[in-house]
Amino acid sequence: MPNGLKLLIIKEVKDLLRDPKILIGMILFPALILPIMGGAISLSTQSSYQSASGSLSILIVDHDGGEMAAALEDFLRRSGANVTVMDGDPAEVAAGLGGGDVLVHIPANLTESMGAGIRGNLTFYINFRDYSFPEFIKSGRVNDLILSFERMLVNQTVSGAMPGSDPSVVLNPLDTGYVSMINGKPQQVDPSLLQNTIMMQSYMTPFVIMIVLILAMQVAATSIAVEKEAKTLETLLTIPVSRLSILFSKLVGSVTIALLATVATVFAFTYYMGAVTSSIVSSAPGIDLASLGIAPSFQGYLILGLSIFAALISALALALTLGTLSKDVRGAQSLIGVIIVPVFIPAIILMMTEISALPPAIQTALYLIPFTYPVLATKALFSGSFGVVLIGLVYMAAFTLLTLYVAAKVFSTDKIMTARLVLKRRQRSPPPE
Amino acid sequence: MAPLTVVRDLVKEYSGRRALDGITFSIDEGEVFGLIGPNGAGKTTTLRILSTIIRPTSGSAEICGKEIVRDAESVRRIISYLPEEAGAYPNLSGSEYLRFMASFYYSSKGEIARTFEEGVRISGLGDRLRDKTSAYSKGMRRRLLLARALMVRPKLAILDEPTSGLDVTHAFHLRKTIRTYSKEYGTTVLLSSHNMLEVEYLCDRVAFLNRGRIVEIGTPAELRSRAGASNLEEAFVKVIGIA
């Protein structure tokens with residue numbers, strides 16, 4: 001590597017890492033704030049569950065006084081609930097309850113109605129005070145108990161009508177099972193479970209790719225605009241180093257920062273997701289894709305990596321070109337704000353659907369966006385159909401070369417000093433003295 | 001002896017507007033040459049062309065026999081340019097900045113160290129060189145940047161308004177440094193300035209630039225004499241015709 005280029009790369013990385021906006025905003029902030037958020041959510045959720053999972057108090061206003069009301073009260077007590085029976089208007093009594101406490105109103109003639117084959121009616125009064133998680137959990141627990149009571153009544157009725165039969169078989173005479181045909185082989189896997197597992201992985205990767213591309217573009221565009229704003233570019237252009245070296249050092253510096261930011265973000269996001277999901281989802285059964293023979297292959301990961309890298313370089317080339325055409329940092333950032341849209345669109349659309357399911361015009365538009373291909377590569381990891389992704393690699397290489405050529409042209413002409421690309425209206429730079 | 005710098009019929013147009021309209025001049029080796037002119041006269045454009053930042057629309061210029069467009073990379077090895085509103089990398093210390101810049105001109109550690117020490121001496125910033133340049137005052141930053149420009153001992157130092165906006169102390173230090181360096185090492189200097197006192201003190205020869213043309217050129221004494229003026233400022237005003 002030529003000495004000048006090496007010096008510029010070292011300076012670039014050092015300068016970027018010492019910039020508090022980059023160090024804090026792109027590396028430390030995601031590395032710290034996401035785990036802190038995840039920890040806070042986990043802590044609050046766990047404490048909510050703990051506060052809501054204590055003994056359950058249920059008030060009953062019994063206007064029936066019959067056999068059915070007595071059976072319900074007895075069932076609730078046997079289920080561990082503290083049951084208190086009160087008189088009065090249920091709404092008035094419920095108004096005095098604690099947050100999330102539940103009052104069950106048993107109307108007059110419940111026993112008589114149900115005995116006559118008419119559907120009975122129970123009303124729950126839930127007193128919300130702060131609409132917190134524990135309040136919702138408590139009301140849900142009462143509802144579950146009442147459903148269990150109802151199931152018990154149904155089982156008794158079935159057993160009475162059909163002595164010797166199994167009520168659960170009478171009520172659910174059919175059992176269903178799923179066999180998913182994977183790579184031509186039968187696998188005992190519920191398709192919905194398979195879908196959940198693959199979707200979870202399909203969402204994460206495009207999300208991370210989006211973050212990386214956007215961060216890298218911001219760093220790249222800003223790195224040149226900063227030279228203009230800090231008035232260091234003029235000096236840099238007169239020292240004995242080629243202008244392509246200056247451009248390339250910006251590229252390498254941006255990639256380095258983007259990779260560091262990515263590692264910090266992925267690490268932090270993984271922790272965050274783990275903390276959040278483990279606290280909310282008590283049992284989310286995942287499946288081992290490798291045991292089913294659809295785990296991504298090494299070649300698949302290699303193509304995905306190449307695709308992400310090519311998209312990254314394309315994005316950086318585009319951002320550098322815009323940075324060279326911007327007057328200052330603010331101008332560069334506003335231009336990047338617009339370019340972020342085509343980065344988001346493929347990831348968001350393809351998270352929800354397959355590209356082949358889209359109208360031809362939208363398909364064409366997506367294929368023209370270089371940032372579509374890494375998202376397609378994440379999907380191809382499971383299907384193994386990498387044809388379009390490989391074509392995309394060639395397309396991204398061509399796109400990058402063309403964009404870098406434009407950036408190099410701008411860098412080697414007066415445009416580097418005079419270009420003032422701004423949004424809304426085109427401004428011509430005032431010539432120097 | 002052939003002049004160190006030769007400029008012939010230099011023209012520069014920006015979007016059809018002529019910023020330089022065929023200027024011709026030469027600078028001898030060891031000479032301090034000044035460009036004086038009102039705002040928009042073409043001073044910075046001339047300096048930027050000679051520094052290889054921008055290209056002329058037509059005309060040519062040579063420094064030490066090297067053509068500034070064709071041999072731009074070679075020219076950059078023998079010149080040093082101090083832009084009017086130059087900055088230093090705010091996240092680097094003054095020392096790091098000087099060492100970083102010295103490394104582009106020399107490959108051996110000894111030469112880099114010698115150049116760096118020269119920069120430290122020229123800047124006169126002492127221990128403050130350990131601080132990040134973002135903590136520097138405008139005067140300190142300018143001293144650092146002048147040190148950067150001179151420490152590599154260029155054949156031609158191109159200085160755009162070297163003392164513009166500085167207080168008396170810093171301006172005095174910079175002028176003294178330029179003068180001393182030119183005399184001690186025979187460095188040729190091309191500078192632009194609005195400060196007539198500075199130009200009279202520093203320059204061996206001066207060119208008056210107006211609307212992209214050189215309207216007068218000579219030593220400060222010759223310019224005063226031709227205009228029948230008692231000082232350079234009066235001569236400038238008479239020649240430009242703004243009195």
Side-chain angles (χ1 to χ4, degrees), chain A residues 2-24 223 226-246 249 253 257 328-329 409-420 426-433, chain B residues 12-15 17-19 37-55 72-92 96-97 99-101 103-107 132-134 145 148-149 152 158 160-161 192 209 212:
Chain A
N3 191 42
L5 177 59
K6 191 173 147 192
L7 284 169
L8 284 170
I9 290 173
I10 293 170
K11 189 278 296 179
E12 198 62 33
V13 174
K14 197 187 275 187
D15 203 34
L16 287 169
L17 282 177
R18 284 181 184 178
D19 187 338
K21 289 195 286 293
I22 287 173
L23 187 65
I24 296 171
S223 69
V226 158
E227 296 266 8
K228 287 189 176 184
E229 199 167 281
K231 310 283 183 193
T232 49
L233 185 63
E234 263 188 280
T235 305
L236 200 59
L237 294 176
T238 61
I239 61 173
V241 63
S242 78
R243 294 190 176 187
L244 279 180
S245 293
I246 299 173
S249 70
I257 299 301
D328 50 25
V329 173
K409 283 300 270 183
V410 173
F411 239 83
S412 60
T413 63
D414 295 5
K415 289 258 183 295
I416 186 67
M417 296 303 297
T418 58
R420 298 283 188 274
R426 191 185 161 90
Q427 287 183 348
R428 279 193 174 147
S429 63
E433 287 182 12
Chain B
K12 180 65 185 175
E13 289 180 353
Y14 292 105
S15 309
R17 195 189 76 84
R18 208 160 250 223
N39 292 335
K43 301 187 297 291
T44 297
T45 298
T46 307
L47 301 189
R48 280 183 175 175
I49 289 174
L50 291 176
S51 307
T52 74
I53 296 174
I54 56 174
R55 295 178 181 193
E73 296 219 8
S74 304
V75 169
R76 286 184 204 128
R77 296 210 74 86
I78 56 171
I79 62 156
S80 216
Y81 176 51
L82 176 63
E84 182 183 356
E85 291 181 2
Y89 295 104
N91 296 315
L92 297 184
E96 284 175 322
Y97 179 71
R99 222 181 286 275
F100 169 65
M101 284 297 180
S103 306
F104 287 100
Y105 293 84
Y106 304 104
S107 51
K132 280 188 179 180
T133 66
S134 55
L145 294 172
R148 189 275 306 164
V152 295
I158 302 168
D160 194 358
E161 302 278 359
S192 75
L209 201 58

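Quantities reported herein were computed from a predicted structural model and do not represent experimental measurements. By convention in this document, chain letters (A, B, ...) are assigned in the order of the sequence lines, proteins followed by strands, and residues within each chain are numbered from 1.
Both the backbone and the side chain of B:Ala86 have a heavy atom closer than 4.5 Å to some heavy atom of chain A. In this structure, chain B has no heavy atom under 4.5 Å from any part of A:Glu229.
Taking both residues in full, the closest heavy atoms of B:Ser103 and A:Leu7 are given as CB-CD1, 3.3 Å, listed atom of the first, atom of the second, then distance. Across all their heavy atoms, B:Tyr89 and A:Asp15 have their closest contact at CD2-OD2, 3.8 Å.
Here the CD atom belonging to A:Glu234 is positioned 10.0 Å from the CG atom belonging to B:Leu47, to the nearest 0.5 angstrom. To the nearest 0.5 Å, atom CG of residue A:Leu8 and atom CZ of residue B:Phe100 are 5.0 Å apart. Of the inter-residue distances, the one linking B:Met101 atom CE with A:Leu236 atom CG reads 6.0 Å to the nearest 0.5 angstrom. Rounding to the nearest 0.5 angstrom, the gap separating the OH atom in B:Tyr97 from the OG1 atom in A:Thr235 is 5.0 Å. To the nearest 0.5 Å, atom CG of residue A:Asp414 and atom CD1 of residue B:Ile49 are 8.0 Å apart. The CZ atom of B:Phe104 lies 4.0 Å from the CD1 atom of A:Ile239; values are rounded to the nearest 0.5 Å.
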Legend entry - Verdict with reasoning, A:Lys231 to B:Leu145, per side-chain contact (heavy atoms from CB on, under 4.5 Å): CA-CA 12 Å; A:Lys231 310 283 183 193; B:Leu145 294 172; over 6 Å; no

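For B:Glu96, the side chain to side chain contact (heavy atoms under 4.5 Å, CB included) criterion is met by A:Lys14, A:Arg18, B:Leu92, B:Ser93, not counting sequence neighbours. Evaluation of the side chain to side chain donor-acceptor pair (under 3.5 Å) rule for B:Glu73 yields no partner, not counting sequence neighbours.
The greatest number of non-hydrogen atom pairs below 4.5 Å with chain B, out of A:Lys11, A:Glu227, A:Arg243, is found for A:Lys11. Residue with the most contacts toward chain A among B:Ile53, B:Thr52, B:Val75: B:Ile53 (heavy-atom pairs, distance under 4.5 Å).
A side-chain donor-acceptor contact under 3.5 Å links B:Arg76 to the backbone of A:Leu237.
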